[in-house]
Amino acid sequence: VSDGDGWRITGEKWFATNARHAEFLIVVAVTNPDVDAYRGQSMFLVPKDAEGLEIVRNVGIGGEPSGTGTHAYLRFTDVAVGSSNLLGAEGQAFAIAQTRLGGGRIHHAMRTIAQVRKAFDMMCERALSRETRSGSLARLGVVQEQIADSWLQIEQFRLLVLRSAWLIDKHGDYRRVRKDISAVKAAMPIVYSDVARRALHLHGALGVSDEMPFAHMLVDAEVMGLADGPTAVHKSVLAREVLKLHRPSESDFPSGHLPTLRAAARRHVADRLEREVAAL
Ligand SMILES: Cc1cc2nc3c(=O)[nH]c(=O)nc-3n(C[C@H](O)[C@H](O)[C@H](O)COP(=O)(O)OP(=O)(O)OC[C@H]3O[C@@H](n4cnc5c(N)ncnc54)[C@H](O)[C@@H]3O)c2cc1C
């Protein structure tokens, strides 16, 4: 709510990464509830020691040692911020956040490629090293299939990320690459968890142990499907953007309806056919 030439912020925020280490927080708050969310939110810089701001607790990701969590549950009680704390113009928070998140999502993808390649390299090394009663794992068809599937998924994903990064450079406008960034974001947790899961299994009991990184990778893959927006939301954005490039059918039948196409083709060539037949 506005207060003199500034604002007072009251509310709670869950999962603010690294807030415990930060000196200031970037806070998005509704400053105008009478317009839509795209225009009614503003962004503020709030010093960590501001009166009324508390970290209720630091939450950890599943599997992390207790007490080491870095995702803060924050509570703001009537925290005063001046107009100089406003980042950008009033009502611009959504636009600013989308610009930051666009690049951030591609960075998540680049780090994911590195993690997935690491899991893949370990998987190949294990397949070549581990001898069972049936011989080396690498000689088993089921293992070869897992290696082939993983390689394909990684390279497909890498090319999708490269293409999206290229489009960002080309257009210099994240809004024009929304669909592509959402596609990367939606594909990321699948390739990550698929490859990490196969690598874990090929390592047997060692794979699930805390002496290898795979269990952590599996949780990390789930995090990639949540942080900066859940997969379901990105798929929805992707589908809506793709549908904008298409049109509904102009008749009762789909434009690819074969009898309709055949009849149209007959009409199109009927005169010529008649002339050619008459000339025979
Ligand atoms: C490791 C980590 C770090 C984070 N760091 C930060 C941070 O620094 N700052 C910050 O502000 N936030 C941060 N977040 C929060 C993150 O942005 C949210 O967790 C995420 O947007 C999902 O919101 P939610 O947790 O409220 O889940 P919900 O909105 O409750 O969603 C739960 C599930 O419901 C479904 N769902 C939700 N909405 C839709 C929809 N529209 N259509 C279809 N299905 C839907 C999806 O399956 C989704 O996974 C972080 C999260 C994680 C996991």
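Counting starts at 1 for both ligands and their atoms, following the listed order. In what follows, every heavy atom counts, from backbone to side chain, and hydrogens, waters and symmetry copies are set aside.
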Visitor: Between OG of Ser182 and CZ of Arg240, what distance do you get to the nearest 0.5 Å?
Guide: 8.5 Å
Visitor: Looking at Asp121 and Lys118, is any side-chain nitrogen of the basic one under 4.0 Å from a carboxylate oxygen of the acidic one?
Guide: no
Visitor: Table please: side-chain donor-acceptor pairs of residues 253-267 below 3.5 Å, with sequence neighbours left out.
Guide:
unit_1 : atom_1 : unit_2 : atom_2 : d
His257 : ND1    : Thr260 : OG1    : 2.5

Visitor: How long is the straight-line distance from OG of Ser193 back to CZ of Arg198, given to the nearest 0.5 Å?
Guide: 9.0 Å
Visitor: Output a table of donor-acceptor pairs, distance under 3.5 Å, between side-chain atoms of residues 92-113 and any protein atom two or more places apart or on a different chain; print 'none' if there are none.
Guide:
unit_1 : atom_1 : unit_2 : atom_2 : d
Gln92  : OE1    : Ala89  : N      : 3.0
Thr99  : OG1    : Ala95  : O      : 3.0
Arg105 : NE     : Asp228 : O      : 3.1
Arg105 : NH2    : Asp228 : O      : 3.0
His107 : ND1    : Gly103 : O      : 3.4
His108 : ND1    : Arg111 : NH2    : 2.8
His108 : NE2    : Asp228 : OD2    : 3.3
Thr112 : OG1    : His108 : O      : 2.8

Visitor: Among pairs that include at least one residue of residues 50-63, which meet side chain to side chain donor-acceptor pair (under 3.5 Å), considering only residues two or more places apart or in two chains?
Guide: none
Visitor: If you count only heavy atoms, which residues are under 4.0 Å from ligand 1?
Guide: Lys13, Phe15, Ala16, Thr17, Ile61, His71, Val223, Leu226, Ala227, Asp228, Gly229, Pro230, Ala232, Val233
